[in-house]
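Take a look at the structure below.
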Amino acid sequence: MHLRFAWALIYNRTKIMKHENEVSTMGERDVDLMSGDTKYMISGDSISKGVIYDEERNKYVILEDNYVSLLQQKLKGAVRNTARFGNTLMKGFSNLKRDVDKDKPNVVLIEYGGNDCDFNWNEIADNPDAEHSPKTDFNTFEKMLTEAIEYLKKQQITPILMNLPPLNADKYFKWVSRSNPDAEKNILRWLGSVTKIYWWQERYNSTILKVSEMTKTKYIDVRGAFLQHPDFTKFLCSDGIHPNQEGHRIISEKVLEFVKSNYQYLLLDSTNNLALE
């Protein structure tokens with residue numbers, strides 16, 4: 001518990017430093033979203049796909065009331081969810097160009113990083129003394145995220161970034177080692193400390209904020225919404241990384257808060273009993 005509070009305090013200090021970025025981007029010229037029916041596209045991984053781990057069936061399933069589905073009920077216009085399970089930014093950017101050309105959305109929400117920062121844990125367990133690389137190395141992630149935003153802006157599309165929900169390092173460590181004592185020992189030998197899992201994911205999260213600042217692109221602080229809760233881990237599945245049903249509710253509420261602050265005219269009005277109050 002003390003460790004979670006420590007990480008929350010570190011994150012809050014970082015958030016204060018980044019506040020100027022959010023303020024500075026509020027006045028940037030956005031594409032006119034008020035003309036006609038707005039089209040939204042979600043480009044991301046399994047979090048945006050709505051994947052959760054079903055404890056009763058012991059498998060991953062798609063949550064019906066995932067955050068994207070909840071958003072569709074609140075927004076004017078159509079939401080197309082192109083997120084895919086296992087997506088990295090490299091895979092997603094390739095598909096994004098094709099999807100944008102086909103659908104011509106007005107707004108694209110970009111949610112990546114969870115798979116990009118991940119490793120092949122089976123290989124690490126088998127050979128902990130070797131060098132191992134993440135699915136998307138740190139510099140490539142920053143470069144590709146910047147390129148994706150520049151591409152969308154050239155298409156007169158409004159990009160919006162979403163940062164990463166925090167993970168539960170202890171549960172994720174147990175998950176990737178499959179609670180196998182030998183695998184746990186070898187993975188820990190390579191890691192040095194279980195807390196390094198959180199630290200490594202935080203580096204990718206910080207990159208999202210950095211790219212947001214460099215490109216003057218708005219971002220939705222989902223991580224902060226989770227860390228406002230003293231025990232954010234109760235909003236994660238048993239794998240320690242996928243938000244559960246309550247976690248998706250938190251994401252949806254944070255996105256709607258962002259829309260209300262920046263694009264209130266995109267919310268369905270109160271006559272439909274769907275406006276954010």
Side-chain angles (χ1 to χ4, degrees), residues 39-53 59-63 66-69 71 79-105 107-124 131-155 157-167 172 175-176 197 200-212 214-215 217 219-220 222-223 237 239-243 247-248 251 255:
K39 290 170 139 186
Y40 315 90
M41 183 174 289
I42 313 295
S43 181
D45 54 33
S46 55
I47 291 179
S48 291
K49 186 68 176 176
V51 173
I52 63 170
Y53 190 75
K59 67 177 185 177
Y60 286 107
V61 298
I62 295 178
L63 176 68
N66 60 71
Y67 89 84
V68 177
S69 297
L71 287 176
V79 179
R80 184 186 174 199
N81 190 354
T82 65
R84 292 173 175 84
F85 188 88
N87 247 3
T88 60
L89 181 56
M90 188 173 296
K91 293 178 183 176
F93 188 23
S94 177
N95 293 326
L96 177 63
K97 291 181 177 180
R98 181 197 63 207
D99 294 333
V100 162
D101 186 59
K102 178 181 177 182
D103 284 7
K104 297 178 172 48
V107 180
V108 174
L109 177 62
I110 303 171
E111 176 270 315
Y112 288 101
N115 290 316
D116 296 274
C117 70
D118 205 14
F119 292 86
N120 187 322
W121 297 103
N122 290 332
E123 290 183 359
I124 293 172
E131 289 189 14
H132 298 278
S133 300
K135 292 179 180 177
T136 308
D137 72 75
F138 192 68
N139 293 329
T140 300
F141 182 74
E142 179 179 327
K143 181 175 180 290
M144 292 198 68
L145 190 58
T146 303
E147 288 177 358
I149 289 169
E150 291 174 348
Y151 167 76
L152 291 171
K153 288 186 175 182
K154 285 179 181 177
Q155 303 297 315
I157 296 169
T158 300
I160 297 172
L161 291 168
M162 178 186 289
N163 62 3
L164 302 176
L167 54 74
Y172 190 63
W175 186 264
V176 298
I197 296 174
W200 183 253
Q201 190 220 32
E202 175 63 31
R203 286 191 67 194
Y204 281 72
N205 184 74
S206 297
T207 298
I208 295 170
L209 305 188
K210 177 182 177 182
V211 171
S212 168
M214 288 192 308
T215 62
T217 302
Y219 76 91
I220 302 172
V222 167
R223 197 177 190 85
C237 295
D239 63 3
I241 194 166
H242 285 93
H248 275 269
I251 296 174
V255 176

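Here the structure is a predicted model, which means the values were calculated and not measured.
For the residue pair Ser43 and Tyr112, a side-chain donor N or O sits within less than 3.5 Å of a side-chain acceptor on the partner. Looking at Thr215 and Lys153, their side chains never bring a donor and an acceptor atom within 3.5 Å of each other. Side-chain contact check for Tyr67 and Ser48: at least one donor-acceptor pair (N or O, by modelled atom type) lies under 3.5 Å.
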Discussion item. Could you walk me through whether Asp103 and Arg80 satisfy the salt bridge (charged side-chain N to carboxylate O under 4.0 Å, His left out) test, starting with their C-alpha distance in whole Å, then the side-chain angles of each, then the deciding distance to 0.1 Å, before giving a yes or no?
Written reply: CA-CA 9 Å; Asp103 284 7; Arg80 184 186 174 199; 2.8 Å; yes
Take Phe119 and Trp200 through the test side-chain contact (heavy atoms from CB on, under 4.5 Å) and record every step on the way to the result. CA-CA 11 Å; Phe119 292 86; Trp200 183 253; 3.4 Å; yes
Please lay out, stage by stage, how Arg203 and Cys117 fare under the test side-chain contact (heavy atoms from CB on, under 4.5 Å).
-> CA-CA 9 Å; Arg203 286 191 67 194; Cys117 70; over 6 Å; no
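With a 4.5 Å cut-off on side-chain heavy atoms, Asn95 and Thr82 do not count as touching. Between Ile251 and Ile220 the shortest side-chain heavy-atom distance does not fall below 4.5 Å. Within the 4.5 Å cutoff, side-chain heavy atoms of Met41 are placed close to those of Asp99. When side chains are defined from C-beta on, Leu96 counts as touching Val108, because their heavy atoms get closer than 4.5 Å.
Taking the ring centre of Phe93 as origin, the terminal cationic atom of Lys91 falls outside the region bounded by 6.0 Å and 45° from the ring axis.
Applying the ring pair (Phe, Tyr, Trp, His ring centres under 6.0 Å) rule to Phe85 yields the partners Tyr60; only residues at least two apart in sequence or on another chain are considered.
To the nearest 0.5 Å, atom OG1 of residue Thr217 and atom CD1 of residue Ile149 are 4.0 Å apart. Distance check: Ile160 CD1 to Leu152 CG gives 11.0 Å after rounding to the nearest 0.5 Å. Here the straight-line distance linking atom CD of Glu202 with atom CG of Leu164 works out to 8.5 Å at 0.5 Å rounding. The line from CG of Asp118 to CD of Gln201 is 10.0 Å long, rounded to the nearest 0.5 Å.
Taking both residues in full, the closest heavy atoms of Met90 and Asp116 are given as N-OD1, 4.4 Å, listed atom of the first, atom of the second, then distance.
Asp45 places no side-chain N or O within donor-acceptor distance of the main-chain N or O of Gly86, the cut-off being under 3.5 Å.
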Taking distance alone, no hydrogens or angles, what donor-acceptor pairs closer than 3.5 Å link side-chain atoms of residues 138-146 to residues at least two apart or in another chain?
from: Thr140; atom 1: OG1; to: Asp137; atom 2: OD1; distance (Å): 3.1
from: Thr140; atom 1: OG1; to: Asp137; atom 2: OD2; distance (Å): 2.7
from: Glu142; atom 1: OE1; to: Lys210; atom 2: NZ; distance (Å): 3.3
from: Glu142; atom 1: OE2; to: Lys210; atom 2: NZ; distance (Å): 3.3
from: Lys143; atom 1: NZ; to: Glu147; atom 2: OE2; distance (Å): 2.6
from: Thr146; atom 1: OG1; to: Glu142; atom 2: O; distance (Å): 2.8

